[in-house]
Amino acid sequence: MATTATVLFSLPIRLWALTVVVLFLGTIALTYTLCIHEGACPKLPKLPTISGTWVTPPGNYISRTTVSIGCTMFFFGNIIMYWINQSRRSPSAKGPSNKTLLYMANIGVFCLSWVGAICDSKTPTCNGNGSVHSAFAVTFFILYDLYLYLLLHMKTRSIEDSPSLWMYLALGWSITSKLRFLPAVHAMLGDETPLAIFEWTDVACINALILRFMWPYTSYGVGVLQLADDSSENVDAKTATAPRKPKTAGKAFVLEAMSLTPAQAKAAEAMQVSMPVVTIPTTTTATVARHSGEEVRALTMWTADQWVGVVGTLAAFTLLGTWAVAVQDGAVPRHVLPEIGQTWVKAPGDWLARWGVMLTASCMTIMHVMTYQMRATLFGARAVAQRNYFGLLLQVVSILASFSLGLMGVVDEAENATLHRHAAMAFYGFSSFYMVGSTLDALCVGHSAGFRAFLMFLATAASLVAKCRFPTIAAHTHDALCGPHSHVSAPAFICDPLAARAAASSASDVPDLEWLDVLSIAVFTVATVYARPAIEGRKIVWSIFQKAEAWSY
């Protein structure tokens, strides 16, 4: 029996691919323009390398942000290409498997994500390393060219996807441009401009090929689905299941399974091709959803609780990793909680922060989209129009919090202390607003019972208390609780610390409260997903899907 679902939010593959291409090419154009404006790059007819435009602000901040976001989207784009290859590749085709190609592409994207985090100069505005930057860049270019070469020469199943001459020319030029990595060729070119021409055109060719490979397959999309555990009312009882290969339990990855009608099962058996679909770890059935009145099948999916695990793992790895590196380098004292921003200043801790914090922020945005759809679905029956608007407000605030977090990571205190601290205040402020709003929203809708809901309330209260480390907030709180015009007679053990914080010059000397704030946000994030009362009956998943009308055998 298949599992039915509803598509709550989706982006078509063309928009997804176009966004990735515009993001990368637009970043290059913008950082070049800003670099010219700042006088850090030569004007035409000379041309700097792409990484040369990522050294000085604000180009360095922009590149760190957009490359991380683009690589996150790139990752999902590669998974889409995997499923496209599954449907178009002839069973008799030789060469690496589609899964091998997927791993190759995503390893390349992983390397590209570090290219933005580690620039190629040791200047104070960059604090990078040219050798490490180049190693990641070269690995990406070589792996992705090999990946595109294998895609281009793979046997296709549809005439409309036959490679064009310009695709061979673009790939040929991209491969030829890699000669610039050879020391002899690099020395022969001498000036930076020829190298830049090779690099810029190489990037343009790769982006054009990526867009071309995805453009014909309009049946694919990325979005949020709501899965129901029991969908017997929506599924035809006369179904057959194609053979499937058992995989490791507990992983939201590939399972060879698909619910087919008898005619579809017979066609699949005749072609000796099983219809692959990715399922969540709690079920071994295929997933069929309704998309604007049409059937779609989920190919790869992550449940909301799994995605919270992804965000938590990235955040913990980044926080603990940068702390360990800072302690090892002597940048912060041992056995004492440091200010988090201090662990992001010295290399290689700042490289890890630029990479991990921005990547965490990107994944948090997806998580908040899922949470909003979960709220709209689970609370929809009882939520009036005002609450719907309030839910949308919380969605906007959560995304602003994610963006502020990313900005904290890409701009450290040594580069621009003012911008970093304003980003930190925005992140913590937006997070508290979201936490208070979500808690009140749950109370209003009537979903306030349970231990996890209690954790939401406790985490919100702890986060608000931690905000007293900011002198301005401490001063207002002191006036409200302990001032001469206060209607509350707060005890001295509350008033005295508030007075001390109000007189402080910054919040950086109370790291304990900052870590309490971070822990509170983490606890709330977990609780806000698991506290949903209908989580046992419904599943919210981030999924790559394909319309049913395009199923191929």
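Index from 1, following the sequence.
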Do side-chain atoms of [X] reach the backbone of [Y] as a donor and acceptor pair under 3.5 angstrom?
X: Asp412; Y: Ala414; value: yes
X: Thr322; Y: Leu319; value: yes
X: His420; Y: Asn416; value: no
X: Arg64; Y: Ala117; value: no
X: Ser543; Y: Val224; value: no

Quick one: pull up [atom1] in [X] and [atom2] in [Y] and give me the separation to the nearest 0.5 Å.
X: Ile50; Y: Asp120; atom1: CD1; atom2: CG; result: 11.5 Å
X: Leu400; Y: Leu407; atom1: CG; atom2: CG; result: 12.0 Å
X: Thr371; Y: Gln373; atom1: OG1; atom2: CD; result: 10.0 Å
X: Met370; Y: Asp305; atom1: CE; atom2: CG; result: 8.0 Å
X: Asp350; Y: Glu413; atom1: CG; atom2: CD; result: 12.0 Å
X: Asn207; Y: Leu18; atom1: CG; atom2: CG; result: 10.5 Å

Audit row: Tyr144, Tyr147, ring pair (Phe, Tyr, Trp, His ring centres under 6.0 Å) steps and yes/no = CA-CA 5 Å; Tyr144 225 80; Tyr147 170 69; 5.1 Å; yes
Are [X] and [Y] close enough that some pair of their side-chain heavy atoms sits under 4.5 Å apart?
X: Phe181; Y: Phe141; answer: yes
X: Trp323; Y: Ile340; answer: no
X: Met358; Y: Arg354; answer: no
X: Ile521; Y: Phe427; answer: yes
X: Phe76; Y: Ile366; answer: yes
X: Val311; Y: Leu314; answer: no
X: Glu415; Y: Thr125; answer: no
X: Leu25; Y: Val203; answer: yes

Would the number of heavy atoms belonging to other residues, nucleotides or ligands and lying under 6.0 Å from [atom1] of [X] be above 12?
X: Phe140; atom1: CZ; answer: yes
X: Met104; atom1: CE; answer: yes
X: Phe457; atom1: CZ; answer: no

Begin from the C-alpha positions of Trp515 and Leu519 and carry the test side-chain contact (heavy atoms from CB on, under 4.5 Å) through to its verdict.
-> CA-CA 6 Å; Trp515 283 90; Leu519 180 61; over 6 Å; no
Smallest separation among heavy atoms of [X] and [Y], with atom names:
X: Met214; Y: Ala17; result: SD-CB, 3.6 Å
X: Lys467; Y: Ser432; result: NZ-OG, 2.5 Å
X: Cys111; Y: Thr139; result: SG-CG2, 3.6 Å
X: Cys126; Y: Ser121; result: SG-O, 3.2 Å
X: Gly321; Y: Leu352; result: C-CD2, 3.7 Å
X: Leu23; Y: Ile69; result: CD2-CG2, 3.9 Å

CA sep, side-chain torsions, deciding dist, call: Thr525, Met367, side-chain contact (heavy atoms from CB on, under 4.5 Å) = CA-CA 9 Å; Thr525 301; Met367 182 192 70; 3.4 Å; yes
Please work out which of the three classes, parallel, tilted or perpendicular, describes the rings of [Y] and [X], given edges at 30° and 60°.
X: Trp114; Y: Phe136; result: parallel
X: Phe24; Y: Phe74; result: tilted
X: Trp16; Y: Trp542; result: tilted
X: Phe75; Y: Trp302; result: tilted
X: Phe110; Y: Trp355; result: perpendicular

Let me see the working for Ile399 and Thr365 under side-chain contact (heavy atoms from CB on, under 4.5 Å), right down to the final yes or no.
-> CA-CA 6 Å; Ile399 293 176; Thr365 302; 4.3 Å; yes
Side-chain donor-acceptor pair present, Trp54, Thr27, cut-off under 3.5 Å = no
Going by atom types alone, do Thr53 and Thr31 pair a side-chain donor with an acceptor below 3.5 Å?
-> yes
Residue pair Asn127, Lys122: steps toward the side-chain contact (heavy atoms from CB on, under 4.5 Å) verdict = CA-CA 4 Å; Asn127 198 24; Lys122 293 185 178 181; 5.8 Å; no
